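One structure is given below, encoded as structure tokens.
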There are 2 protein chains.
Amino acid sequence: MGRAIQSIERAAGILRLLSGRTRRLGVVDIAGELGLPKGTVHGLLRTLQQVGFVEQDAETGKYQLGAALLHMGSSYLDGNELRTRALNWSDSLATRTGEAVRIGTLHDAQVLIVHHVFRPDDSLQTLDVGSLLPAHATGLGKVLLAHHPYVANELYRDGLSAFTPATISSRKGLERELEKVREQGWAADIGELVQGQASCAAPIIDRRGLTVGAMGIVGACERLLEDGGPRGDLLTYVREAARSVSRELGAIPW
Amino acid sequence: MGRAIQSIERAAGILRLLSGRTRRLGVVDIAGELGLPKGTVHGLLRTLQQVGFVEQDAETGKYQLGAALLHMGSSYLDGNELRTRALNWSDSLATRTGEAVRIGTLHDAQVLIVHHVFRPDDSLQTLDVGSLLPAHATGLGKVLLAHHPYVANELYRDGLSAFTPATISSRKGLERELEKVREQGWAADIGELVQGQASCAAPIIDRRGLTVGAMGIVGACERLLEDGGPRGDLLTYVREAARSVSRELGAIPW
DNA sequence: GCGCTGGTTCGGCAATGTCAAACCAAGTTC
DNA sequence: GAACTTGGTTTGACATTGCCGAACCAGCGC
């Protein structure tokens with residue numbers, strides 16, 4: 001891996017920092033966190049501001065992410081083949097199952113949601129597109145991890161945080177779970193991220209045979225489960241939908 | 001305005017370029033467009049790739065935007081006060097009017113959509129959040145332009161492109177229209193961006209009295225209009241909703 | 001008034017990124 | 001199948017660039 005341009009690396013570090021914390025950050029906060037002199041950070045921030053990647057609060061002088069990033073994020077989605085190919089299938093999956101549908105891909109050992117269809121009742125729901133979810137506690141994530149052993153190893157190194165009592169937080173436990181996922185071709189999470197909420201997902205394969213994404217549904221346990229596992233009919237719908245998308249991406253046409 | 005860091009400016013230029021074109025771009029394309037040597041561009045692209053802002057297609061070697069931008073874009077939304085404050089009001093506006101609701105703010109003399117509530121029937125609709133709309137051909141845009149004369153002047157300089165026969169494309173015409181908008185406190189567009197589609201919008205004011213955004217509805221002409229203008233009841237709902245958001249942002253509590 | 005804290009400015013030094021030229025792999029053409 | 005094109009990648013020398021520490025200034029709290 002060759003040399004990288006220092007100022008851009010640092011600028012990216014600032015943006016990553018700002019996108020982590022929800023509250024605005026000041027020059028010294030950032031400088032401290034990144035171990036850089038504040039003069040330097042100020043210079044970086046100024047140019048980031050000029051190109052619209054950060055904005056400065058007029059009153060407090062503190063910085064936050066800028067509007068240009070929103071537009072670029074949505075442009076990313078437009079060019080994302082996984083998402084565009086999956087659009088139709090995810091809509092029909094949502095109506096068939098009556099649940100919310102999400103499509104995710106791996107990013108930094110987490111699940112990045114690239115598409116989200118609301119549950120087809122009129123209840124208020126917040127859009128998850130762009131969110132990063134923990135990989136070891138979601139159906140989407142388990143599917144992806146099962147086919148990316150290298151990423152899984154990264155996770156083991158950093159430790160598996162527990163979100164509920166049901167979260168799989170031991171290396172052994174997750175290894176066994178992923179093995180099962182590889183065998184059966186789908187994954188579920190039962191209250192492992194949020195109490196009373198379950199999800200299940202299946203892999204999306206591209207023309208090279210790589211698992212480039214996962215597609216699944218999320219919803220309340222009482223609707224999704226039976227006999228301690230996901231309802232068979234829902235599972236079939238999910239797997240069929242994921243397979244359809246895979247076929248459209250050019251995977252072997254079963 | 002001081003000097004900016006060259007490499008970051010250039011990197012931002014690359015990203016802007018990539019977010020414009022939908023198809024992937026190669027090193028020489030970018031180098032040509034930006035007037036830079038291709039070696040330089042390659043170095044920039046490599047570091048942008050390392051930080052996840054661009055991705056390289058394994059087969060063609062061409063570049064596209066990266067996933068990190070999607071997450072940052074959504075983080076921007078989380079921190080955006082205009083949007084968070086407007087969340088509740090926009091939902092209720094959508095149910096009251098039965099139309100799709102959009103909230104926008106100015107960005108580079110265009111309207112950046114920061115929130116979008118679908119029309120409350122089950123029809124398929126695509127999310128517009130993150131899109132940039134032309135300011136002179138939408139209700140949202142006109143409201144914003146009316147209170148940002150400097151930006152309006154920028155537009156005049158660059159020329160007003162016409163999207164339909166109804167688009168206001170002369171300087172004189174737009175000046176008169178904006179004057180009307182300032183007087184009446186709301187703006188409409190009638191088939192000026194898309195044939196058969198209309199929109200109307202009202203300003204959102206912050207605690208300093210600045211127009212920081214606009215809120216409005218979009219829909220088919222036959223539903224939104226009567227007697228050659230927006231339906232009075234819908235207009236009232238829109239204006240009330242925008243005023244509610246303004247009040248929540250700390251504008252004078254009328 | 002004094003001492004914080006925190007954002008901004010400045011100028012000298014050298015590390016840093018830029019550039020042109022060379023390289024290499026894949027297609028195309030004849 | 002050789003010569004040519006196209007386009008992504010590598011290299012190294014040069015001087016521009018941006019980094020850094022210290023100084024500056026404004027707003028607060030005591």
Side-chain angles (χ1 to χ4, degrees), chain A residues 1-18 20-66 79 81 207-208 250, chain B residues 1-18 20-66 79 81 207-208 250:
Chain A
M1 202 169 288
R3 11 134 75 70
I5 295 176
Q6 191 188 47
S7 50
I8 294 183
E9 271 186 328
R10 291 175 168 180
I14 291 180
L15 294 178
R16 218 175 307 138
L17 206 60
L18 285 174
R21 314 285 192 281
T22 113
R23 88 167 193 292
R24 305 176 226 273
L25 256 46
V27 174
V28 288
D29 300 329
I30 299 174
E33 199 93 29
L34 263 51
L36 293 174
K38 59 177 180 170
T40 306
V41 171
H42 177 72
L44 293 166
L45 281 170
R46 183 170 47 192
T47 53
L48 283 176
Q49 183 180 19
Q50 283 179 22
V51 297
F53 285 16
V54 307
E55 292 167 3
Q56 184 175 27
D57 189 80
E59 295 168 9
T60 66
K62 294 194 181 305
Y63 292 89
Q64 59 184 315
L65 292 180
E81 194 179 359
R207 62 185 74 84
R208 293 164 303 181
Chain B
M1 202 168 288
R3 16 147 57 75
I5 295 177
Q6 191 189 44
S7 52
I8 294 182
E9 272 186 327
R10 291 175 167 181
I14 292 178
L15 294 178
R16 218 174 307 137
L17 206 60
L18 285 174
R21 313 286 192 286
T22 112
R23 85 167 193 292
R24 305 177 226 273
L25 257 45
V27 174
V28 287
D29 299 330
I30 299 175
E33 200 94 29
L34 264 50
L36 292 174
K38 59 176 181 170
T40 305
V41 170
H42 177 72
L44 292 165
L45 281 170
R46 184 171 46 193
T47 54
L48 283 175
Q49 182 180 21
Q50 282 179 22
V51 298
F53 284 17
V54 307
E55 292 167 2
Q56 183 175 29
D57 189 80
E59 297 169 9
T60 66
K62 296 194 181 302
Y63 292 88
Q64 59 185 313
L65 292 180
E81 194 179 358
R207 64 185 74 83
R208 293 165 303 181

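Keep in mind that what you see is a predicted model, and the values were worked out from it rather than measured. Chain A is the first sequence line, chain B the second, and so forth, proteins listed ahead of strands; every chain is numbered from 1.
- Heavy-atom minimum distance, B/G61 versus B/Q56: O-NE2, 3.0 Å.
- Comment: A/K62 does not engage A/E55 in a salt bridge, judged by the lack of any side-chain N to carboxylate O separation of less than 4.0 angstrom.
- When all heavy atoms of A/Q49 and A/Y63 are compared, the closest pair comes out as OE1-CE2, 4.4 Å.
- You'll find the side chain of B/V28 stays beyond 4.5 Å of the side chain of B/H42, heavy atoms only.
- Contact between B/Q64 and A/G79 at its shortest, heavy atoms only, is OE1-O, 3.8 Å.
- Residue contacts for A/E9: at a heavy-atom cut-off of 4.0 Å it reaches no nucleic acid atom on any strand shown.
- Between A/L34 and A/R10, the shortest heavy-atom contact is CD2-O, 4.3 Å.
- Taking atom CD of residue A/E59 and atom C1' of nucleotide D/dA26, one finds them 16 Å apart after rounding to whole Å.
- At the phosphate of D/dT9, OP1 or OP2 sits under 4.0 Å from a side-chain N or O atom of B/Y63.
- Taking the 5' to 3' direction, DNA chain C first and last meets chain A under 4.0 angstrom from a heavy atom at C/dG6 to C/dT18.
- Only at 4.0 angstrom or more do the heavy atoms of residues 25-36 of chain B sit from any atom of DNA chain C, so none qualifies.
- The distance from atom CD1 of B/I30 to atom CZ of B/R21, rounded to the nearest 0.5 Å, is 10.0 Å.
- A/L17 has its side chain out of reach of A/I14: every pair of non-hydrogen atoms, C-beta onward, lies at least 4.5 Å apart.
- Contacts with DNA chain D (heavy atom under 4.0 Å) in residues 37-44 of chain A: A/P37, A/T40, listed by number.
- The residues B/R207 and B/E81 are annotated as salt-bridged, a charged nitrogen and a carboxylate oxygen being separated by less than 4.0 angstrom.
- Distance, A/K62 NZ to D/dA26 P: 19 Å, rounded to whole Å.
- Heavy-atom nearest nucleotides on DNA chain C were determined for A/G61 and for A/I5, and the one closer to the 5' end corresponds to A/G61.
- Minimum heavy-atom separation, B/V54 to B/L45: CG2-O, 3.8 Å.
- For A/R10 and D/dG18, the shortest distance from a side-chain N or O to OP1 or OP2 is not below 4.0 Å.
- When A/V51, A/T47, A/I8 are each tested for a side chain to side chain contact (heavy atoms under 4.5 Å, CB included) with B/I5, only one passes: A/T47.
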